[in-house]
Amino acid sequence: MAPVSDVPLHGVVTYTLLLSNRGSESDPDVWVTDTLPAQVAFGGWVQNAGASRAGGTLAWRGAVGTSSAFVFVFTATHTGDFYNETILNTAQVSGTAQASAASAAFSIACTISDTVQNAQDDGVGSLRQALRGVCAGGYVDFAPSLAGQTIGLGSSLVVTKNVTVDGMGLAVPVTLSGNNAARILKVANNARVTLTGLVLARGNDTGAECSDGVIGRSCGGALKVDAGAFVTLTQSAVQSSTAYFGGGIGNFGTLLIEASTIAGNTSGWDGGGLYNRGAMTVRNSTISDNTGYYGGGICGVDSVTTLQNSTLAGNTANGGGGGGLRHFGGTLHYSNTLMAGNFTGGDCYVSASNVISTNVNNLVRNGATCNPAFTGDPVLAPLADNGGRTWTHALLAGSAAIDAGGDSCPATDQRGVGRPIGLHCDIGAVEAPLQLPDLSKTVAPTSSAPYHGVVTYTLQLGNGGLLADPEVWLTDTLPAQVDFGGWITRSGASVAGDTITWHGAVNTSTHYVFVFTATQTGGYVETVVNTAQVSGNAQSRNASAAFTVQCAPSITTQNTQDSGPGSLRQALIEICAGGLIDFAPGLAGQTIALDTGLVISK
């Protein structure tokens, strides 16, 4: 037959049957029967040596003499529904002496992309069939009707070729479920697989592919990455799955988890959420509410684990030794990562200090062996829908993680919100919104302000958060070195002496501006700092502005004091470089007693 491979779906093939007799005797009564398989339909004759056809069955009967040959050539059209399938056709011949058969097969070409059409475990339009039919390097997505639906699997999907499975086109993620009876997905054979926009739930590996050193054990309740394989998991959730090692995921190859949540998984031993025996990077992701014996959230054993801007919270290690993270041997790199609220054995445990190779701007509430930069209270909200494709832990007002991260962080957080929002990136997977309320203060000029001259202060009060604050108080008490001058922009504020106040509601996206002048009443070359305070139902914060007063080109010393206004020491502080200091006539013949030496550096 021709062609034998890469036949287009629903394409045409050509079959050739050759009937001959190379024996020494003729056969007077020979039957040939060829019943086409279900996946093809008869097309037409190209060459017919007297055969007949009834539906999909071709037949011929006659005598076959010695050295004779009969040729039958016909076309057929592929009618099956599957890419990448092999179709076998077998013809039979029987005569008075004996019977035999001959077969020919062709394979349908794979497809570069396929769309899953239904939630069936197998068959036409299923995810399992799409993974069979797609080419290496191909792409699988989902029909819009599968948004929010569950694909129940009777057995694990095993992927052995490079492929992308993309659920991002769905308004609500599709769930791949192991129905608490099967692992959901295994990636093997050095395949490179990308999974995005999916929920992997209720996986349960019941096999024994992994070993505890004595007997075989299950591993990777939802997902197993074999040695040599490379998996990228993005904007996805892995939840409610179970295995002995790695209730959620067991990694023995290379795994990148980004903008994803691993939650509510359980292991019998290591790694309630994640078990790593290969190379694993977790970036902008949340590991929450998982339970294992060791390493409730993550357990790394003789592996390389990299954590970047991730949150590990609410995980439990029943055997102790790292409720959030346990790393035995291997190498741990972690930066801008938050671990708090994990139970039994602290938030973080490493078997030796040299396990940690990178340690930058991490907040670990309870985990001295991991030597974090910060140990304060991150004030985490419960795991919830805070926007984005996956659930996260929000940072609440007063969190020690806010603005405490380094400036080298991903451009967005787990939800896709831009970083940073404040002065610096926040530690963990989620960037906190602008806090309620938001206050800034500036002054002009900031340097060389005229001695006893006028400066202009600007206060800006806004709300860039998600909630309105119905009761906000703003107070600005001017320092002793300045006196209030007058209003330029008032916005409803009042002044009593040198104290400015404002009280009212600050709705989302609202903005109030207060501009006023003040007169400097202090000395030369001083720095005047003014701090305003704002407090609301959510929290309080301050904002400051400072200016410096210009030096004096000439000063007259007024008294014999060692220091303070009118003293020689003060004159030397306030005089400009190249300036002139002289003495009041009343100092003629007087003595200026110094407690310490005068140091002149200009």
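Along the sequence shown, the residues carry numbers beginning at 1.
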Under 3.5 Å, side chain of [X] to main-chain N/O of [Y], donor-acceptor pair present?
| X | Y | value |
| --- | --- | --- |
| Asp469 | Val506 | no |
| Ser310 | Thr286 | no |
| Ser267 | Trp269 | yes |
| Asn118 | Val124 | yes |
| Thr311 | Ala429 | yes |
| Ser399 | Pro378 | yes |

Leu127 CG to Thr115 OG1 distance, which is reported to the nearest 0.5 Å: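 These two atoms lie 11.5 Å from each other.
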Could you work out, with side-chain hydrogen bond (donor to acceptor under 3.5 Å, both in side chains) as the rule, every residue matching Asp302, not counting sequence neighbours?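 Scan of Asp302 (side-chain hydrogen bond (donor to acceptor under 3.5 Å, both in side chains), adjacent residues dropped) gives none.
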So do [Y] and [X] actually touch side chain to side chain, heavy atoms under 4.5 Å?
| X | Y | answer |
| --- | --- | --- |
| Ile151 | Phe142 | yes |
| Thr196 | Leu198 | no |
| Val40 | Asn89 | no |
| His327 | Ile356 | no |
| Arg183 | Asn204 | no |
| Asn371 | Asn359 | yes |

Are any of the side-chain nitrogens in [X] or [Y] under 4.0 Å away from the carboxylate oxygens of its partner?
| X | Y | value |
| --- | --- | --- |
| Asp205 | Lys224 | no |
| Arg132 | Asp114 | no |
| Arg217 | Asp212 | yes |
| Arg415 | Glu431 | no |

What are the two closest non-hydrogen atoms of Val238 and Asn265, and how far apart are they?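 Scanning both residues completely, I find the closest heavy atoms to be O-ND2, 3.0 Å.
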Using distance alone, with no hydrogens and no angle criterion, decide if [X] and [Y] have a side-chain donor and acceptor under 3.5 Å apart.
| X | Y | answer |
| --- | --- | --- |
| Thr281 | Glu258 | no |
| His393 | Ser288 | yes |
| Asn276 | Ser303 | yes |
| Asp347 | Asn366 | no |
| Gln235 | Arg389 | no |
| Asn251 | Tyr275 | no |
| Asp407 | His424 | yes |
| His333 | Thr306 | no |
| Asn284 | Asn309 | no |

Only one of Ile298, Asp289, Thr390, Leu274 clears side chain to side chain contact (heavy atoms under 4.5 Å, CB included) with Ile262; which?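 Single pass found, and it is Leu274.
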Quiz item: cation-pi between Arg277 and Phe252, 6.0 Å / 45°: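 Not satisfied by the 6.0 Å and 45° rule.
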Above 12 or not: heavy atoms from other molecules or residues under 6.0 Å from CZ of Phe328?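 It does not: Phe328 CZ has 12 such atoms or fewer within range.
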